[in-house]
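A quick write-up on the structure given underneath.
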Amino acid sequence: MASKWDDLDASTQIEQAVTEDLRTAFETRGATVTHNGTATRHAPGGRPDIVVSADDRSLDLVVELTKSTGAAAEREFVSTTDHLNRWAEASKAAQTHMIFSAPKIGPRLRKQFLQFNRDQRTNGQPTRVFVVDFGGLQTLLETMSARDPKLFPVSRWAELFEDEAWEAAADDASARQVAIDLILAEETELRQEVEKETQQEIAQIEQDLKKAIAKLEDALRDRGITGDNANKTLIYLTFMRLFEEKRLREKDGDPYNRMTAGGFQKWVQSRDASVKKQKENRLVNYLLEVIREERDDLSQARLLLAADGSSVELHHNVTDSLVESLIFPVLDQYEFIGSRLDILGVVFETLARRGEKDTRIGQFFTPEEVVKFAVRVARPSASEVVLDPAVGTGRFLIWAMQAMLEQKSLPGQDPAEVERRIKSEQLLGSDIDTWVATIAKMNMFIHGDGKTNIANANGLVLGDRGHLTRYPDGIAGQVDLVLSNPPLGDVDFTSAAADWLRDAESGATATSGEYLASLGVVPTFVSEEQAAERLRADIEALRAEAEGHERDLDEGTHTSKTRRALTSLRKRIKARETRLNELTTKIANGDITITASGAKMKGGALFMGAITNYLRPVSSARSSDPYEWRGGRVMVVLDEAILNTPAHSATRQYIRENYFVKAVVSLGRPAFKYLAHTDAKTSLLYAIRKPDGAGIQQQEQVFYAHAEKVGYDAKGNWIGSDLPAVADAFTAFETATMNAYGGATFAAADAANAYAQIESHDRSWYTAPVGGPGDRLDFYNARRSVLEAQLHDQGLPICTLGDLIEVAPVKHPHASRTGSYSFASIERNTASLKSKGSAVTQYKPGDLWVLEAGQIVVSGIDVVHGAVAVTDEGVEGCVMSKEMYAYRMRDGVDIRPETVVMLLRSASARAMIEGMVTGTSNRTRMSDVAQILDLLIPDPRQFDASDETVEALGRAHRLRDEAHMALRQAEALADSAWGSAAIATDDAADQLELEADHTGPVGSVPPTP
């Protein structure tokens, strides 16, 4: 982060400038600022640069500055900490600490100060150091100086030296945020800006780390450590490093990190000579053994153990010299605990993606903003059991654990015991991938525990199978809250059925069909019933054939073969009737075989079925809540196709039958692009299990919202998040809903009135009825239904789009010998059609059509973004592809087509169109030319602004064309200045560009100045 001090002279300017800024910020708040240098020289050796002393002697702040970075800055460590200790001995203040600042703090220097603080803590010394870059310090001082001195008291600076604060300052971005959050807590907008900057820096750090991990894998491969061995090596070495950071924070054992270059050497030197000889150049593997023996709970959770129960060992080619030359130079650049980096997730993602061996990466990496939103809305309490059946790297459980621990002070209970239960009993997870389950355990351990109840198991078969140690009979009806991001793609449910059968007890007679039927979402049929139906049809057909032969015999028209044929038919009928009776008896006795239709379904649909079995009918912490809020809760990321396409209507029916739907939050398509590298359109579904099962109708409305921004864009740039505002709106919605209950009675009108009073209702979020069994359950459809209702309620004249326009007949172009045609395209920013020039296409002539003047042209792909225009003579004769649709005004409709175009480009129309086109596939495009004709719109024949709309559009087009022409003239004048050195611009490509911007007939040349 840049600062105004960066370019100042280190000897004569920096200390003086910072001193003045400190005085402006602190002296009005009851503190004295002393610079130990002069007006033209920096402070002399042996003395602090600057000291800020609170007048009440509560705090002395030693401020040390350097313009140096890298190794040069590291040389400041000894002298500055010596200044601090000397000043602390002489100071009469209650607390003495140091602020160290530089343009940029290198990782090694930051680690030195972190270790200094830990050593001070271990030795019982009170002084600490907080390290912040120039940009962060400048922001703090300038904000203090610009605000009322009653704000931001000097005492707040003491909070920087609490263990939680300086431990969290793992890098420059984190340090700035910690400092600003603690000292400038009231500055909401500034904190949001800093959050954005921090997230952007973290994204860059993560990208750099991924590149470094990829290079490490290459280096390991060169040393004979390949494939899974390389993955395991990097994962275990990373875990060892995290273990050490955690151990130091917990003040346990050696006061240095044994997995840094310096700490490892110190630890090696402290080993007995016999150990060093025995483990020569393999002491890093011995350290892994030591770590395992130091913590019994690691073995209890089967961490650092192989599948057969033996101890994990690093690959035989992993030597001390390899770790010191390859691993430490990378890891020593970071302090992971306290930063926002999910280092284990980063390592796994990088390696898995490089190997291209896992297509479920999107499941493992849920954006942090989504996780935080889910936990905030679902509000796990300290007494509840929380499950993630597709746990990935454990993010949902980690955030849930933090939220639960914040509530551990329960009435009448020991907080320490509540914390123990949360960590060891109430957080459950599973993942079908062995390595992913291991990483989740590691992450849970590093973030405070909860690792014991992570199982390597299929998350679809936990109900009555003892995969989780504490639940030998399964978790059916034991879970209060499920937070999960199941696989977004198709999942083979026959594999889940096989897993379920494999884990069945000896002698069990259950079938895979029974298990699949229990999920509720898998289409199944009873094989015996299907066979019986086929037999009935066969018997009916055979009887008809036999009756024909009998008539022939009666009428004397039979042949010699008739009697034999009739005898054969009667035998066949009798055999089928016998088989039918057997099947009927089996069906009546329940001796049936359930068979699934197909083999795959969307992962989210399958998990919704399994989750219903896991949830409690009534949550332990919510039994006194209104009826619709009492059951176990689920907050799950779903492929949006489950919520809006015809193929998944049965799943939506299942959801409505088994859950009270509370919220659906649509996420922007890029939400998972950066982390998970998938652009699948997703939504968050928040639902509560019906306490008494299907049949109870939902009375309350459903909360619908859309969050376009969810942290990072597709390229890893931090763009902020809409989810906090959505969470605020849902909290207000939930409160209004709860307040609408009078006893067990829900007053829908009172709730509706309360919703209407909430800011942004019917603008950024909507409420709508839950709908019929298989109806759509997505944000876009809900918004459309609300807008249509508002149109009706206003009492203004309305019509359908089809009342005004109709599908236009089109002409196909003659076949081109070269496959080249003159194309046009819609400029959605200007509502106009522009020539694109000639291009070769793979389309057949029957897939193309020719523009005619006066047509309304709609882009089936881009209509939701306003890609609508009227054909003018400038593009008449150009061709369009089959994704573009043509319409014309109906006979007798006396309005201009431009009026229809502008209505379709309005925000409300585009929102309603989006609601129409998202329900046929998982993409925002029209499925056929007639799809939008049912669009409900204000009737333009009834208002007076039609001509004004057309004139405004024409004026916009003329101004645009004039601007284009003026630009061309300016370019031509500039070209003429070069004389004979001018580069000609009359080649085909430039000519096409000129033609595309010219308003005259295609092929004509704009006039030159």
Side-chain angles (χ1 to χ4, degrees), residues 301 342 344-345 348 360-368 370-381 384-404 422-463 467-471 474-476 478-488 491 496 603-604 606-616 619 632-638 672 675-676 682 684-687 689:
D342 176 8
L344 287 168
F348 178 79
R360 299 183 307 132
I361 289 175
Q363 170 193 332
F364 307 143
F365 302 100
T366 308
E368 185 176 296
V370 173
V371 175
K372 290 192 296 186
F373 172 84
V375 171
R376 178 180 169 187
V377 168
R379 293 186 290 114
S381 77
E384 292 185 311
V385 174
V386 180
L387 166 72
D388 184 349
V391 73
T393 58
R395 277 189 162 187
F396 278 112
L397 294 184
I398 290 167
W399 281 87
M401 177 171 63
Q402 293 172 356
M404 295 161 76
I422 290 171
K423 292 180 174 181
S424 64
E425 300 176 10
Q426 294 171 221
L427 297 161
L428 316 177
S430 72
D431 201 283
I432 196 170
D433 186 290
T434 303
W435 255 112
V436 175
T438 298
I439 291 170
K441 290 180 184 181
M442 290 179 174
N443 251 344
M444 293 297 289
F445 171 76
I446 294 302
H447 285 85
D449 225 335
K451 64 190 176 303
T452 310
N453 297 303
I454 305 293
N456 173 210
N458 191 321
L460 294 170
V461 299
L462 305 177
H467 292 294
L468 292 161
T469 306
R470 292 188 55 80
Y471 299 89
I475 60 171
Q478 301 295 315
V479 176
D480 297 288
L481 172 63
V482 172
L483 300 166
S484 194
N485 173 19
L488 295 175
V491 169
L606 290 170
F607 273 84
M608 284 301 296
I611 288 166
T612 307
N613 295 328
Y614 305 157
L615 291 174
R616 297 183 193 273
S619 178
R633 313 183 302 289
V634 55
M635 175 73 81
V636 63
V637 179
L638 295 178
F672 283 78
L675 275 180
T682 56
L684 279 161
L685 172 69
Y686 181 45
R689 179 180 169 179

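- In this structure, the side chains of Val386 and Asp480 stay at 4.5 Å or more apart for every pair of heavy atoms.
- The line from CZ of Phe396 to CG of Leu481 is 10.0 Å long, rounded to the nearest 0.5 Å.
- Within the 4.5 Å cutoff, no side-chain heavy atoms of Leu685 are placed close to those of Val634.
- Here Leu468 contributes atom CG and Ile475 contributes atom CD1; the two are 6.0 Å apart, rounded to the nearest 0.5 Å.
- Here Asn458 contributes atom CG and Asp433 contributes atom CG; the two are 12.0 Å apart, rounded to the nearest 0.5 Å.
- Looking at heavy atoms from C-beta onward, Arg616 lies in side-chain contact with Val385 at the 4.5 angstrom threshold.
- Of the possible polar contacts, none joining the Arg395 side chain to the Val371 backbone as a donor-acceptor pair under 3.5 Å is found.
- Put simply, CG on Asn443 and OG1 on Thr438 are 11.5 Å apart, with the number rounded to the nearest 0.5 Å.
- Annotation for Gln426 and Glu384: closest pair NE2-O, 2.8 Å, computed over non-hydrogen atoms.
- Scanning both residues, Ala457 and His467, for their nearest heavy atoms gives CB-CG, 3.5 Å.
- Across Gly632 and Leu615, no two heavy atoms sit closer than the pair O-CD1, 3.6 Å.
- Side-chain contact between Val391 and Leu397 is present, with heavy atoms from C-beta onward closer than 4.5 Å.
- A pairwise comparison of heavy atoms in Ser430 and Gly459 identifies OG-CA, 3.4 Å as the closest pair.
- Within the 4.5 Å cutoff, the side chain of Phe607 has no heavy atoms near those of the Val482 side chain.
- Minimum interatomic distance between Leu387 and Tyr614 (heavy atoms only, all atoms of both residues): CD2-CD1, 3.5 Å.
- Looking only at side-chain heavy atoms (C-beta outward), Val370 and Thr682 stay at 4.5 Å or farther from each other.
- Between atom CD of residue Glu425 and atom OH of residue Tyr471 there is a gap of 8.0 Å, rounded to the nearest 0.5 Å.
- Counting only distance, with no hydrogens or angles, the side chain of Asp431 and the backbone of Gly392 share a donor-acceptor pair below 3.5 Å.
- Taken to the nearest 0.5 Å, the NZ atom of Lys441 stands 7.5 Å off from the CG atom of Asn456.
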(message) Show, in sequence, the C-alpha distance, side-chain angles and deciding distance for Phe672 and Asn485, and conclude whether the side chain to side chain contact (heavy atoms under 4.5 Å, CB included) test is met.
(response) CA-CA 11 Å; Phe672 283 78; Asn485 173 19; 3.4 Å; yes
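- Of all heavy-atom pairs between Ile422 and Met404, the closest is CD1-O, 3.7 Å.
- Gln402 has its side chain out of reach of Val375: every pair of non-hydrogen atoms, C-beta onward, lies at least 4.5 Å apart.
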